Each structure stands twice: as C-alpha cells, then as structure tokens.
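Below: the structure, in structure tokens.
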Amino acid sequence: IYYSTYGHVAQMAKKELEGANSVEGVEATLFRIPETLPKEVLDKMYAPGADESVPEITVDQLTEFDGFLFGFPTRFGHPAAQFKTFWDATGGLWQKGALAGKTGGFFVS
C-alpha cells in the first residue's frame, strides 16, 4: 500500500510486491493511497499523476488482509500528508480491535 507523488515510491512498491509474491504461500496485492491534493496543485508541481492501473484502497479494506507493507515519501522527516491522512482515518478500526494481530511494515524514500 503506497503513496507516490512522482512515481519513485510506486517503483519501490512494485519491487516489494514482486519480492513478497516470490515467497511460497504469500499472496500480495498492490494498492495506492488516495491523493488529497487537487489536480491544479499537482499540475503546478509537475507531478505525473497516479498510476490508475493500481486501485486505491479504503481504510475499511484493511480488515480484509493479514498484514500490510506501507510505502511513502518523507518530507522533512515526516510521512507525506496523504499517508498521514489515510493512517489517521484508521482510528475507528483500532478502537474496534479490527487491526489487532495484523503484521505491518514500512518502506520510505
């Protein structure tokens, strides 16, 4: 599950997916975190736009998986706002215990 403005983290995520799926018994799926910036802002940043072949994930979909690997760029030592917005929205799932026991990891650029 990744967020990528310029495609660098998307490339890393595809390699992570390839590695995960090379492990016997593992079935990994690639998702992207929804963009929060308007198209006009992304255009001014010369951002190429999201890879539409990779589906966006919703917070509620997290309950369908055994574990997660999140990827995102860092900005001044912090995760991208898009990832933080997504992660902050998981509060209700944590409150219900819906994510308890699931494995998680991160990769960043």
Side-chain angles (χ1 to χ4, degrees):
I1 301 171
Y2 71 90
Y3 172 75
S4 187
T5 306
Y6 294 100
H8 304 102
V9 177
Q11 289 177 6
M12 292 169 60
K14 289 173 183 173
K15 289 297 185 182
E16 295 284 352
L17 176 70
E18 186 179 308
N21 281 330
S22 72
V23 177
E24 188 175 330
V26 172
E27 181 184 337
T29 308
L30 193 62
F31 290 98
R32 59 187 168 86
I33 290 173
E35 180 59 71
T36 59
L37 293 174
K39 183 177 181 339
E40 298 78 31
V41 172
L42 292 169
D43 289 345
K44 289 178 183 180
M45 295 170 58
Y46 302 103
D51 180 350
E52 297 294 330
S53 70
V54 178
E56 286 187 348
I57 191 166
T58 65
V59 169
D60 290 332
Q61 285 177 281
L62 294 176
T63 62
E64 301 171 16
F65 301 97
D66 297 325
F68 326 102
L69 186 59
F70 293 102
F72 49 85
T74 57
R75 306 236 166 73
F76 303 105
H78 297 277
Q82 292 83 348
F83 173 77
K84 186 162 178 354
T85 297
F86 181 83
W87 191 250
D88 287 348
T90 65
L93 295 177
W94 288 107
Q95 185 179 17
K96 293 188 284 189
L99 301 178
K102 295 185 183 284
T103 302
F106 299 91
F107 61 96
V108 299
S109 76

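Just so it is clear, the model here is predicted, and its values are computed rather than measured.
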Exercise. Between Thr5 and Ala47, what is the shortest heavy-atom contact and its length?
Worked result: O-CB, 3.8 Å

Exercise. Which of these, Leu37, Asp43, Val41, sits in a side chain to side chain contact (heavy atoms under 4.5 Å, CB included) with Lys39?
Worked result: Asp43

Seminar exercise, completed: Closest heavy-atom pair, Ala98 versus Lys102, reported as atoms and distance to 0.1 Å, is O-CE, 3.4 Å

Problem set entry | Pairwise ring-ring contact (aromatic ring centres under 6.0 Å, His included) hits with a residue in residues 5-64, at least two apart | Phe31-Phe65

Exercise. Is there a path of hydrophobic side-chain contacts, each under 4.5 Å between heavy atoms of I, L, V, M, F, W or Y residues, that connects Met12 with Phe68?
Worked result: no

For this session: Give the C-alpha distance, both sets of side-chain angles, the deciding distance and a yes or no for side-chain contact (heavy atoms from CB on, under 4.5 Å) between Phe70 and Phe107.
Result: CA-CA 6 Å; Phe70 293 102; Phe107 61 96; over 6 Å; no

Exercise. About how many Å separate OG1 of Thr29 and CD of Gln61, when rounded to the nearest 0.5 Å?
Worked result: 10.0 Å

For this session: Quick one: closest heavy-atom pair of Ser4 and Ala10, and the distance?
Result: OG-N, 3.2 Å

For this session: Could you tell me whether the side chain of Ile1 reaches within less than 4.5 Å of the side chain of Leu62, counting heavy atoms only?
Result: yes

Exercise. Atom CG in Asp66, atom CD in Glu27: separation rounded to 0.5 Å?
Worked result: 10.0 Å

For this session: Please go through Val23's hydrophobic cluster and name the other residues, only I, L, V, M, F, W, Y counting, with side-chain heavy atoms under 4.5 Å joining them.
Result: Val26

Exercise. Any link between Leu17 and Phe106 through a network of hydrophobic side chains (Ile, Leu, Val, Met, Phe, Trp, Tyr) touching at under 4.5 Å?
Worked result: no

Problem set entry | side-chain contact (heavy atoms from CB on, under 4.5 Å) partners of Asp60, counting only residues at least two apart | Thr58, Leu93

Exercise. Given side chains that start at C-beta, do those of Leu30 and Tyr2 come closer than 4.5 Å, heavy atoms only?
Worked result: yes

Side-chain donor/acceptor pairs under 3.5 Å, residues 49-57, sequence neighbours excluded:
residue: Asp51; atom: OD1; partner: Ser53; partner atom: N; Å: 2.9
residue: Asp51; atom: OD1; partner: Ser53; partner atom: OG; Å: 2.5
residue: Asp51; atom: OD2; partner: Lys14; partner atom: NZ; Å: 2.8
residue: Asp51; atom: OD2; partner: Ser53; partner atom: OG; Å: 3.3
residue: Glu52; atom: OE1; partner: Arg32; partner atom: NH2; Å: 3.1
residue: Glu56; atom: OE2; partner: Arg32; partner atom: NH1; Å: 3.3

May I have the list of side-chain donor-acceptor pairs in residues 78-87 shorter than 3.5 Å, sequence neighbours left out?
residue: Gln82; atom: NE2; partner: Tyr3; partner atom: OH; Å: 3.1
residue: Gln82; atom: NE2; partner: Glu35; partner atom: OE2; Å: 2.8
residue: Lys84; atom: NZ; partner: Asp88; partner atom: OD1; Å: 3.4
residue: Lys84; atom: NZ; partner: Asp88; partner atom: OD2; Å: 2.9
residue: Thr85; atom: OG1; partner: Ala81; partner atom: O; Å: 2.9

For this session: Evaluate whether atom NZ of Lys15 has more than 12 neighbouring non-hydrogen atoms of other residues, nucleotides or ligands under 6.0 angstrom away.
Result: no

Exercise. With Thr63, which residues qualify under side-chain hydrogen bond (donor to acceptor under 3.5 Å, both in side chains), at least two apart?
Worked result: none

